[in-house]
Amino acid sequence: MGLLLLAVACFAVLDTTTKVASATVPVFMAVWFRYAFQAVATTAILLPLHGTALLRTQHPRFQVLRGALLLGSSLLAFLSLGHMPMAEFTAIVLVVPLAVTLMAATILGERVSALRWALVAGGFVGTLLILRPGGEGFGWTVLMPVGLVVCNAWFQVLTSRLARTEKPLTLHFYTGWVGTLIAALFLPFAWQALPGWQDWALLALMGLMGTVGHFLLILAYQRTPASTLTPFLYAQIGFAMVGGWLVFDQLPDRVSLAGIGLIAVCGAGGAWLTVRERRQPVEPVEG
């Protein structure tokens, strides 16, 4: 549990750093650096330990699609954090497990219990409380995290399918390199000289937090059943709230707090049910 809490704390630091960097660093430049850091670090650590077995996959096309989906999620996260407070953004993103349930029922034809439908409905009500359609603060920018949820839900569905035949470390390896190579295609159009060393330090911190966070997750799931760990994923909302308060002096209002609480309760309950029924870990969402 301690390893998992450290992992989601790393993701909260990653999101906080991303929000700071979004003011000065081009999106594709920042995202490429974040994935390149992870890809190089993963290769340097895991390849000597596992050799070419790390590269073996039965579904290379799905590995590419999975990496592209996570890259799309990261791009939307970077753009969203430039316009939204930390806590609200994190809460909306963590509705992904509930969105996966909805997709499983409507697209994949899986049977969903009445309790799970109630949790899905509660999570989306919480999202509406945060977004407040029709309000003064509602605009096209608040739809970006909704797009992130859709993109990451597909990522989660594909992950659950690949996990039946692929090793977790192999999935992690290809995720980093696919994101790096796709983002590199846009790098010549996005690259620019950064104002100072602080911006490079922010990029390095983003890469470090994303990489360390994923390694801590792997260690946590190797040691403790996913059914025990899953509810603690939603501690990321608390870490995000602290980061938003300390760095940006942002605190959610009462309506947003109600929405955040509803998403956390429904999401943790739904994710816990999923793990108990399928014995599969639910991957947290990073920015």
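This one's a predicted model, so the numbers in the text were calculated from it and none came from an experiment. Every heavy atom of this structure was used, including side-chain atoms; hydrogens, water molecules and symmetry mates were not.
Counting all heavy atoms, side chain and backbone alike, A240 lies closest to T90 at CB-OG1, 3.2 Å. In this structure, M206 and L14 approach most closely via the heavy-atom pair O-CD1, 3.4 Å. The two atoms that bring F11 and G213 nearest to each other are CZ-C, 3.9 Å, heavy atoms only. The nearest pair of heavy atoms linking F78 to S22 is CZ-CA, 3.4 Å. Considering every non-hydrogen atom in both T211 and A41, the closest pair reads CG2-CB, 3.8 Å. Contact detail for L203 and A30: the closest heavy-atom pair is CD2-CA, 3.7 Å.
L185 and L69 end up in the same hydrophobic cluster when Ile, Leu, Val, Met, Phe, Trp and Tyr side chains are linked at under 4.5 Å. L181 and L71 fall into different hydrophobic clusters, defined by Ile, Leu, Val, Met, Phe, Trp and Tyr side-chain heavy atoms under 4.5 Å apart, directly or through other members. L194 and L187 fall within a single hydrophobic cluster, where Ile, Leu, Val, Met, Phe, Trp and Tyr side chains are chained together by heavy-atom contacts under 4.5 Å.
In summary, of the residues considered (Q63, R66, Q58, H59), a side-chain hydrogen bond (donor to acceptor under 3.5 Å, both in side chains) with E166 occurs for Q63 alone.
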request  = Might you work through the side-chain contact (heavy atoms from CB on, under 4.5 Å) test for L55 and Y174, ending with a clear yes or no?
outcome  = CA-CA 8 Å; L55 310 179; Y174 280 107; 3.8 Å; yes
task = Run the numbers on L246 and M86 for side-chain contact (heavy atoms from CB on, under 4.5 Å), then give the verdict.
result = CA-CA 11 Å; L246 292 176; M86 287 283 301; over 6 Å; no
Working for side-chain contact (heavy atoms from CB on, under 4.5 Å), residues V13 and F239 = CA-CA 8 Å; V13 173; F239 288 122; over 6 Å; no
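With contacts defined as side-chain heavy-atom distances shorter than 4.5 Å, the pair M209/T18 does not qualify. The shortest distance between side-chain heavy atoms of I263 and I130 falls below 4.5 Å. Residues F62 and T57 form no side-chain contact, since every pair of their non-hydrogen atoms from C-beta on lies 4.5 Å or further apart. For the pair W200/F33, a side-chain contact is recorded, criterion being any heavy-atom separation below 4.5 Å from C-beta on. For the pair V27 and L75, the minimum side-chain heavy-atom distance is below 4.5 Å. Within the 4.5 Å cutoff, the side chain of H172 has heavy atoms near those of the Q38 side chain. Counting only heavy atoms from C-beta outward, the side chains of W177 and T43 approach each other to under 4.5 Å. In this structure, L70 and N152 have side chains that are in contact, with non-hydrogen atoms separated by less than 4.5 Å.
The main-chain N or O of F173 is never found under 3.5 Å from a side-chain atom of T42 such that the two would form a donor-acceptor pair. Between the side chain of Y35 and the backbone N or O of T175, no donor-acceptor pair lies under 3.5 Å. The closest donor-acceptor contact from the side chain of K19 to the backbone of M84 lies under 3.5 Å.
Between atom CG of residue L216 and atom CG of residue L6 there is a gap of 6.0 Å, rounded to the nearest 0.5 Å. Here the straight-line distance linking atom CG of L129 with atom CZ of R254 works out to 13.5 Å at 0.5 Å rounding. Taking CD1 from I260 and CG from L262, the interatomic distance works out to 11.0 Å, rounded to the nearest 0.5 Å.
By the side-chain contact (heavy atoms from CB on, under 4.5 Å) test, A190 is found to be paired with P26, F28, residues two or more places apart in sequence or in another chain being considered.
T170 and R56 are not linked by any side-chain donor-acceptor pair at a separation below 3.5 angstrom, with hydrogens and angles left out of the test.
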